[in-house]
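These notes are about the structure you will find just below.
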Number of protein chains: 2
Amino acid sequence: MAARTGTKGVPRRDREEQILAAAQEEFARVGYGAASVVTVARAAGISKPLVYSYFGSKEGLYVACVDAAGSIVADEVERSAGLGAVGLERGLLTVAGLTAVLDGRPHLWRVLFDPTVPDGTEAARAAARHTDRLHRLAVEGVGEMLELAGDSDPADRALTTRIWIGMLDTVLRWWAEHPDEPGASVLARVERIAAGLAAGLGAGLAAG
Amino acid sequence: MAARTGTKGVPRRDREEQILAAAQEEFARVGYGAASVVTVARAAGISKPLVYSYFGSKEGLYVACVDAAGSIVADEVERSAGLGAVGLERGLLTVAGLTAVLDGRPHLWRVLFDPTVPDGTEAARAAARHTDRLHRLAVEGVGEMLELAGDSDPADRALTTRIWIGMLDTVLRWWAEHPDEPGASVLARVERIAAGLAAGLGAGLAAG
DNA sequence: AGGGGATGTGACCTCGAGGTAAGTTACCCC
DNA sequence: GGGGTAACTTACCTCGAGGTCACATCCCCT
């Protein structure tokens, strides 16, 4: 076999994928800050220097992880945002897309939105390159809704965008803690909850 | 002065408060995981061993911080939950209480909900003792709303509770990044946004 | 005056994590 | 068969963080 070279002879591409998968699980489990490269290496069945040989540094490893996860997520969200829906429907389409594309691997979201990545580092910038794509789309959708309601305050729009992305974050995090739940089931939950909240908020608005 | 003892002569109680204030700012700024005790000590104008002499360990320091912050927050939320409001009104009363009691110190919230605290540690348990109080109240309020909408699925209720607390977390975090904003102004934003979302969700529900 | 306790610090220890150097094994190809 | 190279590891270095010890300073009280 031409591919089998070296002591264990796993070709570089394959090994890189194994390392990436192990690293994504570890980063999702304990966060970038608390993760250790040697733990990732052991999980991938190899030794630490091979990880450094392939990814350069812990930060480089994270950047590779977040580039993979971020492309999957941002591509899907851009796709579902391009469907032309507005308001609640647009939001639910986004959730539908995310539950579909992250089915079986909801932990990838946690790699993207990892609160343990230190500010100002290259790791944070790499994550921001992807989350900024989501942010732009979210501002768009949220702006439409607030504008309809007569609120054009830019800070309100920024805060509402953060709230919306925070809601996605909460749902995806809950999903990562319940990995047996299929994506379709999570989507159904979100739809039920949205309906319930709409009823409650509508009633509250009428009462106030 | 009877209080001035020792080299610099700051009595223990006063010093403990200074250390606590510095630690809360540091924990809020970079998170428990990334914070270092020596940085806290320097910010408080003293040396590291004094911090250890008064608080025992980094974990003990965090427990003291989170006990102070958690009591302030949980007491207020229990108070506003006891006012008898339901649905959206209850939620807005909670936000009103939080913006009032955290005015000038919104960073205390970040100490309570610090995602960099490692799971399974005493620090995490100390934070959970306070956040559990909030969680119980949130489940209550959220349960009412979902029940009214005909959704009695317990997992739906748990997820919705997390979403609600996540929304509070987002707002309080945004506030901590905009410390010049007075609490009343944050509350006004949330009220405008809630009205906007209610309109949007209501319209989406009618359209779907 | 001087012992005792509170306040406070410099110097040190330990340990784990990021990161590196040098060498080993196995295969390909001439 | 013997160099070249890819794959891989053991052993090491460095550094910062948590944590501790012995000691210094100052005031109160008898």
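Hydrogens, waters and symmetry mates play no part in the numbers below; they use all other heavy atoms, side chains included. A, B, ... follow the sequence lines: proteins, then strands. Residue 1 opens every chain.
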Next item on the list: Report the distance from atom CD of A:Glu17 to atom C1' of D:dA7, rounded to the nearest whole Å.
Entry: 17 Å

Next item on the list: Provide, to the nearest angstrom, the distance between the CZ atom belonging to A:Arg13 and the C1' atom belonging to D:dA7.
Entry: 15 Å

Next item on the list: Kindly compute the distance separating CG (A:Leu159) from CG (A:Asp153), expressed to the nearest 0.5 Å.
Entry: 9.5 Å

Check: Salt bridge check: are B:Asp75 and B:Arg79 linked by an N-O gap of less than 4.0 Å?
Finding: no

Item checked: Carboxylate-amine/guanidinium proximity below 4.0 Å for A:Glu78 and A:Arg136 -> no

Check: Roughly how many Å is it from CD in B:Glu122 to C1' in D:dG18, rounded to a whole number?
Finding: 17 Å

Note to self: Given the ring of B:Tyr32, does B:Lys58 sit roughly above its face, with NZ or CZ under 6.0 Å from the centre of the six-membered ring and within 45° of the axis?
What the structure shows: yes

Item checked: Side-chain ion pair, B:Arg129 and B:Asp67, N-O less than 4.0 Å -> no

Notebook entry, point to check: Do A:Thr116 side-chain atoms and A:Gly33 backbone N/O form a donor-acceptor pair below 3.5 Å?
Noted result: yes

Next item on the list: Check each residue of residues 47-67 of chain B for a non-hydrogen atom within less than 4.0 Å of any atom in DNA chain D, then write out the ones that pass by number, or none.
Entry: B:Lys48, B:Pro49, B:Tyr52, B:Ser57, B:Lys58

Checklist line | salt_bridge(A:Arg173, A:Asp169) N-O dist < 4.0 Å | finding: yes

Check: Is the closest basic N to carboxylate O distance between A:Glu17 and A:Arg13 below 4.0 Å?
Finding: no

Item checked: Interface residues of residues 33-41 of chain B with DNA chain D (non-hydrogen, below 4.0 angstrom) -> B:Ala35, B:Ser36, B:Val37

Notebook entry, point to check: Counting just side-chain N and O atoms, does B:Arg15 come under 4.0 Å of either OP1 or OP2 of C:dG8?
Noted result: yes

